[in-house]
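Step one of this worksheet: look at the structure below.
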Amino acid sequence: MEKSSAILWGGATCASQYEGAWQAGGKGMDTQDCRPYIFQKDQATTRTRLLNRAAIDQAKDPDSSAFYPFRQGSKGYEFWQEDLDLLAELGLDIYRFSISWARLFPNGTEKEPNPEGLAYYDRIFAYLKAKNIKVFLTMYHYAIPLNLVETYGGWKNRKVVDYYLNFARTVLTRWGDQIDYCLPFNEINTGYFSPFNGIGLLKDDKGEYNEEDIFQALHHQFVANALAIKMGRQICHAKFGSMVAFFNYYPYTCKPEDTLKLIQEEQRHQWYFTDVMAQGSYPYYMEQYFRSHGIKLERTQEDLQLLKTYTVDFVSISYYQSSVISTDETDKTAGNLVVSTKNPYLTATDWGWQIDPIGLRTALNKMYDRYHLPVVISENGFGAHEQLDSNGQIHDQDRINYLADHFKQIHLAVEDGVDVLTYIMWGIIDLVSAGSCEMEKRYGVIFVDADNLGRGSYRRVKKASFDWYRNYISQQKGVSHGS
Ligand code: BG6
């Protein structure tokens with residue numbers, strides 16, 4: 001790909017966290033529809049990232065008293081036009097969204113897609129085209145038709161690759177010419193940390209996962225990624241990318257053991273995935289890990305050739321926080337997917353995610369240095385508790401500060417020479433948290449009037465950050481990398 005001339009400024013949602021309407025228009029039940037909201041002290045738990053058979057049975061029980069937030073999402077299925085009007089008013093260059101697999105293929109196994117599902121996305125693509133907003137499409141953002149988990153055991157089963165490709169073929173054939181950038185898989189390293197969300201794997205009866213299943217499922221996703229790229233190159237002109245949650249680890253001290261541990265965790269948590277998808281083969285350190293842990297994967301010669309041939313055009317990261325590695329007992333704090341040591345130099349969000357704008361510049365440099373491919377920030381944002389004030393407004397100055405500080409570092413990374421293609425703000429419209437199923441963990445510049453139990457009008461309200469981001473984007477128009 002040619003070096004990009006200017007950064008595209010965007011925003012993102014994804015089907016399972018935003019659309020709701022879990023049974024409307026013929027949609028089938030998917031894995032995210034099964035995750036209940038579980039209140040725990042002053043914050044919901046991330047325990048529902050890891051489900052077992054009993055939890056699925058409970059979710060399918062029509063008499064279940066639990067509340068399932070993804071079934072409502074932000075009611076985007078209903079509010080889509082108002083939302084896209086707001087995104088157009090913001091002046092977004094690019095919108096990242098995903099297609100619900102179960103809305104097109106309710107059981108995952110149908111040969112032909114559900115016409116009502118197609119019609120819903122037809123309207124979205126047409127609207128974006130009319131408004132000249134580029135499309136950044138995520139094909140798989142966690143939710144998988146439940147039937148593929150119940151019948152086949154999720155991604156650990158090779159057959160799911162075929163069903164995914166049927167879904168991908170529908171998407172690329174119908175809308176490929178309107179897709180600018182395509183991510184076959186959101187945050188592919190999620191499968192490692194959060195197997196239910198990432199690879200549709202249920203915990204066994206002992207409440208555990210089999211590590212071999214996890215790596216086999218990830219291998220199937222790598223193969224599906226390569227085959228989707230192969231298909232895409234035949235059908236359309238979209239550019240294809242990889243994505244990982246980026247942790248940007250620091251060693252807690254200069255003790256050699258801390259750095260050694262850092263390198264090993266960074267390899268397994270973060271590099272391995274992009275190495276396979278951008279460099280086209282399994283890295284030496286993973287082969288060694290598989291050997292030393294007795295993990296035997298089914299990988300054919302044909303698979304390995306596919307991985308080598310169909311590598312990505314760009315690499316992408318979600319970046320919310322940096323993390324710290326220590327070999328000692330230390331004070332821990334949460335982050336996206338990982339728990340890590342507290343960094344005494346940083347502040348954190350209400351959820352403990354450590355705010356580190358400079359870390360983003362570091363992350364971008366690391367990615368570009370390693371892969372020499374354009375880098376996309378496919379997610380970044382500030383999750384916070386927010387309520388309408390007595391004038392019905394939200395003054396989210398903390399979010400504005402977070403964004404301004406991160407944007408400054410993105411420009412500095414560009415000055416460093418990094419080819420930054422796009423910045424995508426996560427949860428541009430408030431939506432349900434993928435980690436903890438909370439509606440009240442808000443990322444948007446657009447507020448959605450609903451609480452953790454789905455109570456509220458779902459009315460949309462522009463936050464102060466809406467005007468701030470709109471001004472920022474308009475000032476950036478025409479600012480090239482060289483100016
Ligand atoms: C990323 C996911 O992990 O982080 C999103 O791709 C998710 O789906 C985002 O929403 C923020 O995480 P959380 O747990 O705050 O929703």
Side-chain angles (χ1 to χ4, degrees), residues 10-20 30-33 35 37-38 40 43-50 69-70 73-74 76 96-101 136-144 183-199 221 241-248 269-270 273 316-323 333-340 348-355 360 363 376-386 399 402 406 424-444 448 450 452:
T13 61
C14 81
S16 64
Q17 294 170 249
Y18 164 73
E19 285 177 11
D30 65 36
T31 38
Q32 299 299 306
D33 294 328
R35 296 179 57 205
Y37 168 72
I38 301 178
Q40 190 174 277
Q43 212 159 278
T45 172
T46 57
R47 209 165 69 226
T48 62
R49 293 194 329 205
L50 313 167
F70 295 96
S74 317
R96 177 178 170 219
F97 63 102
S98 73
I99 305 253
S100 159
W101 188 346
F136 189 128
L137 190 84
T138 318
M139 245 152 5
Y140 177 79
H141 196 129
Y142 299 156
I144 175 171
L183 266 185
F185 290 90
N186 177 66
E187 276 185 355
I188 201 161
N189 53 345
T190 297
Y192 182 77
F193 296 98
S194 186
F196 181 74
N197 278 2
I199 49 183
Q221 291 196 333
S242 61
M243 178 183 177
V244 287
F246 202 88
F247 308 119
N248 203 44
H269 295 175
Q270 178 182 294
F273 303 87
S316 88
I317 56 171
S318 63
Y319 178 85
Y320 290 92
Q321 87 285 324
S322 57
S323 315
T333 190
N336 186 21
L337 300 178
V338 291
V339 170
S340 96
T349 70
D350 291 347
W351 280 260
W353 297 20
Q354 309 191 97
I355 303 171
L360 177 55
V376 165
I377 302 145
S378 43
E379 281 181 34
N380 168 251
F382 180 70
H385 288 114
E386 282 155 347
R399 175 168 300 102
Y402 179 99
H406 283 76
I424 310 275
M425 188 191 299
W426 174 248
I428 189 97
I429 302 163
D430 288 349
L431 36 65
V432 177
S433 154
S436 51
C437 306
E438 291 164 286
M439 187 67 204
E440 293 173 44
K441 186 180 188 187
R442 302 176 181 281
Y443 284 92
V448 173
N452 284 336

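All ligand and atom numbering here is 1-based and tracks the order in the structure. Below, each value reflects all heavy atoms present in this structure, side chains not excepted, and no hydrogens, waters or symmetry copies.
Here the protein heavy atom with the shortest distance to atom 12 (O) of ligand 1 is Trp353 CH2, 3.5 Å. Of all protein heavy atoms, the one closest to atom 4 (O) of ligand 1 is Glu379 OE1, 3.2 Å. With respect to atom 3 (O) of ligand 1, the closest heavy atom belonging to the protein is Glu187 OE1, 2.6 Å. Scanning the protein for heavy atoms near atom 8 (O) of ligand 1, the closest one is Gln17 OE1, 2.6 Å.
The shortest side-chain heavy-atom distance between Gln321 and Ser340 does not fall under the 4.5 Å cut-off. Between Thr13 and Ile428, the closest side-chain pair of non-hydrogen atoms falls below 4.5 Å.
Every atom of ligand 1 is numbered from 1 in the order shown, and the set under 4.0 Å from a heavy atom of Tyr443 is 11 (C), 12 (O), 13 (P), 15 (O). Taking a cut-off of under 4.0 Å to the non-hydrogen atoms of Lys441, the atoms of ligand 1 that pass are 13 (P), 14 (O), 15 (O). With ligand atoms numbered from 1 in the order given, ligand 1 contributes 6 (O) to contacts under 4.0 Å with heavy atoms of Asn186. Residue Gly435 approaches ligand 1 through these ligand atoms, each under 4.0 Å from one of its heavy atoms: 13 (P), 14 (O), 16 (O). Atoms of ligand 1 found under 4.0 Å from any heavy atom of Tyr142, numbered from 1 in the order shown, are 2 (C), 3 (O), 6 (O), 8 (O). Set against the non-hydrogen atoms of Ser433, the atoms of ligand 1 under 4.0 Å away are 13 (P), 14 (O), 15 (O), 16 (O). Atom numbering of ligand 1 starts at 1 in the shown order; those under 4.0 Å from a heavy atom of Tyr320 are 4 (O), 9 (C), 11 (C).
At a heavy-atom cutoff of 4.0 Å, ligand 1 is contacted by the side chain of Asn336 but not by its backbone. Under 4.0 angstrom from ligand 1, there are no non-hydrogen atoms of Tyr18.
Classified by interplanar angle (parallel below 30°, tilted 30° to 60°, perpendicular above 60°), the ring pair His141/Trp426 is parallel. Relative orientation of the Phe193 and His269 rings is perpendicular, given thresholds of 30° and 60° on the angle between their planes.
The shortest N/O to N/O separation between His141 and ligand 1 falls below 3.5 Å. At a 3.5 angstrom cut-off on N or O pairs, Ala434 counts as close to ligand 1.
Checking side-chain atoms of Asn189 against main-chain N and O of Ala245 turns up a donor-acceptor pair under 3.5 Å. The closest donor-acceptor contact from the side chain of Ser433 to the backbone of Gly435 lies under 3.5 Å. In this structure, the side chain of Arg442 does not engage the main chain of Asp430 through any donor-acceptor pair within 3.5 Å. Arg49 places no side-chain N or O within 3.5 Å of a backbone atom of Gly198 that could act as its donor or acceptor partner.
Judged by distance alone, the side chains of Trp351 and Glu438 do bring a donor and an acceptor atom under 3.5 Å apart. A donor-acceptor pair shorter than 3.5 Å can be found between the side chains of Asn380 and Tyr402.
Remark: distances from the non-hydrogen atoms of Trp351 to ligand 1 are all 4.0 Å or more. Contact annotation: Glu438 has no heavy atom less than 4.0 Å from any atom of ligand 1.
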*Going through the distances and angles, do Asn336 and Glu187 end up as a side chain to side chain donor-acceptor pair (under 3.5 Å)?*
CA-CA 11 Å; Asn336 186 21; Glu187 276 185 355; 3.1 Å; yes
